[in-house]
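These notes concern the structure reproduced below.
Numbers here simply count residues along the sequence, with the first being 1. All values below come from the heavy atoms of this structure, side chains included, with hydrogens, waters and symmetry mates left out.
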Amino acid sequence: MKSGATQYRTLDIAGIRALLSGLPHIAARLGRTAAQWRIAEVSDGNLNNVFLIHGPAGGVCLKQSLPYVRVDPSWKMPLDRTFYEAAYLRDVFPLVPGLTTQCLHFDPDLFVLIVESLSGHQVYRNALMTGADWPRVVPDIATFVARATFGTSVLCEPFERVFDRQALYARNQTLRRITLDLVMDDPYHDHPRNHWDDPRLNAVVADIRASAPVRRAVDGLRLRFLTCPQALLHGDLHTGSIMASATDTRVIDGEFAIYGPIGFDCGMFVGNLVLRRFADLSPDAGRRCVRDIVRFRDRFVEEFTRLWADAHPTPSDTRGPCAFFIPDAATAASPGRAAFMDGVLRDLVGYAAMEIIRRIIGYAHTADFDVIARPEERATRREAALRFAFGLLRDHGRHDSVEAAFGGLAPETS
Ligand code: SR1
Ligand code: MG
């Protein structure tokens, strides 16, 4: 990555106006003169400053890395995360053009990323918390994961191109380290970054930490996270990384992009659907959650399998994709492909469980449970989510299907 980091300064509203005035393609998109642009800070995530800029002709979204964690300035951090987000957008946008945003500009000195702005969208977590039930979002996310991962893997591309890309994202070590520590390590022992406000959770936390099968599962998933570069991942695909409306879905915030196991992206998303289910007091929350997880699995497998069926092996000297496990011509069956997909879904279950646990007892919680007014109810719901995730990890690898792992979240109907 090239950078003149000495020119870095954190931009305020005047600085943004000046920067954008000097970018003709952005200024044209906004329209008229800089004095007419409305600039509002909308920083919401843990790491960066984010601004929306609107002019008479249109809008853009500007994101700037800070030299520290936005929500904890004492936690210093290099600036390169917007570089990786820009790279991720450039790599996956052609694969999923309607399901993410286009990178319009990246400034390697200021670590500023500019993307198209969205209108009429909400953060999907917030939409779910206020009762939205939009049928497009879950299949859209499944399509996004299938296309973005398949298209950046050796199942689709010559290994030379994939390995060059792996080498670039291998440098995104700061954010991989955060995921490794915050998701896969801290919650499983005492660490000052962990926190939970209700002692009623202490017993289940102790049970999780004392369990040998959980330890084995976590160690296995941690190792796969570091040693299985199957495809380019979004790396932080929680429901706050999705902007949605009833008719449109966009994945944002790809700064955690790395090569890793495909089931990691699937598990992050599914884990957040499960968090929502435990925080949702409405009677059909369980049924909706299982419906959505099954919808996600069905669409993901369908799309990934379709893409794989269309990939054709090429002679090795022409450097085409490596489409392994060609289906049997007579039966169309490919046990090798089925085993690969089973492995992805096994990973999904494990990483979903780890996401649930870290969002309740680790550093970065989600807002889902905060709206439950009574502290006892909040604690009961969080404890139930932790017990559920505990079971997923304790039995990891022994679920025959996604239904076997998550079906218990829906109440029995007679
Ligand atoms: C210090 S960053 C904490 C969390 O925020 C991001 O959104 C990721 O989820 C990360 O784990
Ligand atoms: Mg984020």
Side-chain angles (χ1 to χ4, degrees), residues 42-48 50 52 61 63 85 88-89 92-93 96-102 115-149 233-257 264-282 284-300 303 348 351-352 355-356 358-360 364-372 385 406 409:
V42 293
S43 310
D44 181 33
N46 292 321
L47 294 177
N48 310 296
V50 181
L52 289 178
C61 175
K63 181 168 181 177
E85 183 166 345
Y88 181 72
L89 288 179
V92 302
F93 185 80
V96 282
L99 296 172
T100 185
T101 55
Q102 193 170 10
V115 298
E116 56 188 301
S117 86
L118 301 170
S119 70
H121 296 66
Q122 288 181 57
V123 176
Y124 188 47
R125 186 188 308 286
N126 301 343
L128 289 173
M129 288 173 65
T130 50
D133 188 15
W134 296 325
R136 271 193 67 152
V137 180
V138 170
D140 278 352
I141 297 301
T143 303
F144 175 92
V145 177
R147 291 184 186 166
T149 58
L233 308 182
H234 176 279
D236 194 27
L237 193 52
H238 57 85
T239 47
S241 295
I242 298 164
M243 300 293 291
S245 70
T247 55
D248 194 57
T249 311
R250 306 297 181 105
V251 172
I252 61 165
D253 273 6
E255 64 205 324
F256 282 79
F264 183 79
D265 271 359
C266 303
M268 287 291 108
F269 179 61
V270 166
N272 280 269
L273 296 181
V274 175
L275 284 163
R276 176 89 295 274
R277 179 251 182 259
F278 280 100
D280 188 342
L281 306 178
S282 60
D284 72 338
R287 184 194 57 77
R288 274 175 53 178
C289 179
V290 175
R291 177 202 69 189
D292 283 349
I293 294 171
V294 169
R295 240 182 217 173
F296 175 85
R297 187 274 319 275
D298 287 349
R299 178 68 195 129
F300 169 76
E303 181 65 4
L348 175 161
Y351 292 123
E355 172 70 354
I356 295 164
R358 73 94 167 211
R359 291 298 189 184
I360 297 176
H365 295 192
T366 62
D368 297 86
F369 294 91
D370 295 347
V371 291
I372 302 175
F406 296 101
L409 291 171

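Between Glu116 and Gln102, the closest side-chain pair of non-hydrogen atoms falls below 4.5 Å. Taking the side chain as every heavy atom from C-beta outward, Phe264 and Leu348 never approach each other to under 4.5 Å. Counting heavy atoms from C-beta on, the side chains of Tyr351 and Cys266 never come closer than 4.5 Å. Taking 4.5 Å as the limit, every side-chain heavy atom of Thr249 sits out of range of all side-chain heavy atoms of Thr143. Using a 4.5 Å heavy-atom threshold, the side chains of Asp280 and Arg277 count as separate. Between Ile141 and Ile242, the closest side-chain pair of non-hydrogen atoms falls below 4.5 Å. Counting heavy atoms from C-beta on, the side chains of Thr101 and Met243 never come closer than 4.5 Å. Looking at heavy atoms from C-beta onward, Gln122 lies in side-chain contact with Trp134 at the 4.5 angstrom threshold.
Of all heavy-atom pairs between Arg295 and Pro139, the closest is CD-CD, 4.4 Å. Closest heavy-atom contact between Ser245 and Gly120: CB-O, 3.4 Å. Val123 and Gly240 get closest at one heavy-atom pair: CG1-CA, 3.7 Å. Across Ala385 and Ile360, no two heavy atoms sit closer than the pair CB-CD1, 3.6 Å. When all heavy atoms of Val145 and Phe300 are compared, the closest pair comes out as CG1-CE1, 3.9 Å. The two residues Arg358 and His365 come nearest to each other via the heavy atoms O-CD2, 4.3 Å.
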Worked check of side chain to side chain contact (heavy atoms under 4.5 Å, CB included) between Ser43 and Asn48:
CA-CA 7 Å; Ser43 310; Asn48 310 296; over 6 Å; no
Step by step, would you call Asn272 with Thr366 a side chain to side chain contact (heavy atoms under 4.5 Å, CB included)?
CA-CA 9 Å; Asn272 280 269; Thr366 62; 4.1 Å; yes
Would Lys63 and Asp253 count as a salt bridge (Lys or Arg N to Asp or Glu O under 4.0 Å) here? Give the steps.
CA-CA 10 Å; Lys63 181 168 181 177; Asp253 273 6; 2.6 Å; yes
Decide yes or no on side chain to side chain contact (heavy atoms under 4.5 Å, CB included) for Val274 and Ile293, but give the supporting numbers first.
CA-CA 9 Å; Val274 175; Ile293 294 171; 3.9 Å; yes
Show the numbers, then the answer: is there a side chain to side chain contact (heavy atoms under 4.5 Å, CB included) between Tyr88 and Phe93?
CA-CA 8 Å; Tyr88 181 72; Phe93 185 80; over 6 Å; no
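The one candidate from Asp292, Asp133, Asp368 that meets the salt bridge (charged side-chain N to carboxylate O under 4.0 Å, His left out) condition with Arg276 is Asp368.
Interatomic distance, Glu355 CD to Phe269 CZ, rounded to the nearest 0.5 Å: 12.0 Å. One finds the CG atom of Leu281 at 5.0 Å from the CD1 atom of Ile372 (value rounded to the nearest 0.5 Å). Within the model, atoms CG of Asp236 and CZ of Phe256 stand 5.0 Å from one another, a figure rounded to the nearest 0.5 Å. Between the CG atom in Leu233 and the CE atom in Met268 there is a gap of 10.0 Å [rounded to 0.5 Å]. Taken from CG in Leu128 to SG in Cys289, the straight-line distance is 10.0 Å, to the nearest 0.5 Å. Atom-to-atom distance recorded for Asp140:CG and Thr100:OG1 is 12.0 Å, nearest 0.5 angstrom.
Judged by distance alone, the side chains of Arg125 and His238 do bring a donor and an acceptor atom under 3.5 Å apart. The closest side-chain donor-acceptor pair between Arg136 and Thr247, if any, does not fall under 3.5 angstrom.
No donor-acceptor pair under 3.5 Å is formed between the side chain of Asn46 and the backbone N or O of Ala364.
Legend: residues meeting ring pair (Phe, Tyr, Trp, His ring centres under 6.0 Å) with Tyr124, ordered by chain and number and at least two apart, are absent.
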